[in-house]
Amino acid sequence: MAPAGESRVTSAPIGARALAQLAKGVLGHAVRRFLPARVDLPLQTFGLSRDAGGRLALRGVALEPLLRRFGSPLFVADARKLDDNLGAFVQENVICAYSYKTNPVPAVLERLHARGAWAEVISEYETWLARELGVPGERIVSNGPGRSPEAFAAAIEVGALVNLNHREEIAMVAAMARARGKRARVGLRVVTAGGWGGQFGEPIDAAMDVYREMRQRPELEVVAVHSHLGTGVHDEGDVARLAREVVAFAARLRSELGLAPTILDFGGSLGSPTVARYDALALRLNRALSAELLAPPAGLSIEAYVRALVSSVEGACRDAQIPVPRIIVEPGRALTSNTQLLLCRVTSLKASGARGVVHAILDAGVNVAEPVRNEFHQIYVDGAPRGPERAYRLVGPICTPMDTLVWSMRLPELAPGDVIAIADAGAYFVPFSTSFSFPQPGVALVEDGTARLVRRKETFDDLVRRDRPLASPRRATDAPNHDNAS
């Protein structure tokens, strides 16, 4: 003990947590010095520009005023990019059947159909929606491993191309067609090398027997071979291998069963050239050491994909000495991902004390932007920079630590009310959105220098409309207006 009246100065030992934070800080600094710096994609990649004050605009339409008109967050679709992407897919002998599940916004679908797109559907709802949008039954393709009897019935009734998923569906589809006095146009999903297996399709080596059974059913008109990699098309080599395998199988159908498919359906699997899933190491470095997440190398373009597919099919058919069937592609992400933005606002900032990272709390989180957690999406800040960049953690408003979109990203100084634009929001943002504590966003379409609301934001009433009446409902005139759709 120290003598009475004598002070004693001691140093508290550094705690394990503080030591770990210090080590992470030193290591993070070293790692960031040697990793490549993030380079943002040019604004024009997504049809964006900035005015003299740094304000973002899409095709000349200022973005921030759209949030004041239609509410935040908000999806904004680009009509010109939709037209351009579809035009790149629709070529001679190539039919583009858009994947409804990817971005099921009726105004977007309607625009695609008006310019020649077919509909690729997986449920009775989607078949109904296609017909409501005026799509002829013969321009609908029905796929999927889990379709209900109602989904099959709806597809058969309208005369859609029905691609069976597995052998066990044959008897049911034949019986449904017979009961309706129809002959169903069918194909079979075959699993090629490297493609998804499991619940999806029949292995191509075993599919001959399935086609033999289909051919024996007079209620079925066997017209197609369907394939879908699922694992992704990354380069022209992937396209060529898939085409050769499918054409070789079609040639066998002709020689062994006397079947001559008139359609080769190559499904989707082509991604957006500006989106890629992060590998596990990149995510761990970003979370633990604030290493930047980088834009992917440019992926295969639509034009290169279609060119490779057509030339590969034609070459394989020439080698097999069979006529070239019609080609169907079923793009989802590749067609609409880069045609849509998600706009949101910074609602609050909170210093974390950990490695200088500040939490930027947005009004859009995993409830509407779940894909951002696992794949690269270019993010822009509206307005001129206020100061030097710093590290921010982009989080949403949902009460869970899982609502973290990006663990660390260097951005210009942010303030509450700032607008954030998340690119490539046209694939699986809308269908994966939920009404978790907040109404779902509206959708605006920008065309010819103007923006119009094509889907209003959900209201509170929308969220409970299917429930039993509230015990003491207020009069409609007493209820606040939450449409934000002026």
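The first residue of the sequence shown is numbered 1, and numbering continues consecutively from there. Atom set for the values below is all heavy atoms of this structure, side chains included, hydrogens, waters and symmetry mates excluded.
Using a cutoff of 4.0 Å between basic side-chain nitrogens and carboxylate oxygens, E64 and R345 are scored as salt-bridged. In summary, R465 and D462 engage in a salt bridge, as defined by a charged side-chain N under 4.0 Å from a carboxylate O.
When all heavy atoms are compared, the tightest approach of V135 to A119 is CG1-CB, 4.4 Å. Among all heavy-atom pairs drawn from V275 and S337, the shortest one is CG2-OG, 4.0 Å. Across every non-hydrogen atom of C96 and L335, the tightest pair is SG-CD1, 3.7 Å.
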Q: Run the numbers on R189 and E169 for salt bridge (Lys or Arg N to Asp or Glu O under 4.0 Å), then give the verdict.
A: CA-CA 12 Å; R189 178 168 177 169; E169 293 175 339; over 6 Å; no
Q) Which is it for D209 and R212 under the salt bridge (Lys or Arg N to Asp or Glu O under 4.0 Å) test, yes or no, and what are the steps along the way? A) CA-CA 5 Å; D209 287 340; R212 182 175 287 108; 2.6 Å; yes
Q: Decide salt bridge (Lys or Arg N to Asp or Glu O under 4.0 Å) for K101 and E120; before the verdict, give the C-alpha distance in whole Å, the side-chain angles of both, and the deciding distance to 0.1 Å.
A: CA-CA 8 Å; K101 59 186 173 291; E120 188 267 332; 3.2 Å; yes
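Under a 3.5 Å cut-off, the side chain of N374 and the backbone N or O of R277 do not form any donor-acceptor pair. Looking at N286, its side chain never comes within 3.5 Å of a backbone N or O of E292 through a donor-acceptor pair.
Other residues, nucleotides and ligands place no more than 12 heavy atoms under 6.0 Å from the CZ atom of R452. At most 12 heavy atoms of other shown residues, nucleotides or ligands fall within 6.0 angstrom of atom CZ in R326. Within 6.0 Å of atom CD in Q321, 12 or fewer heavy atoms from other residues, nucleotides or ligands are found, so the atom counts as exposed in its surroundings.
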Name each donor-acceptor pair under 3.5 Å that joins a side chain in residues 295-320 to protein atoms two or more places apart or in another chain, with its distance.
unit_1 : atom_1 : unit_2 : atom_2 : d
S301   : OG     : A304   : N      : 3.1
S311   : OG     : R307   : O      : 3.0
S311   : OG     : A308   : O      : 3.1
S312   : OG     : A308   : O      : 2.7

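Between F376 and Y278, the two ring planes are perpendicular [angle over 60°; tilted spans 30° to 60°].
The structure places CG of L41 at 5.0 Å from CZ of F46, a figure rounded to the nearest 0.5 Å.
Between Y211 and H226, the distance separating the two ring centers is not shorter than 6.0 angstrom.
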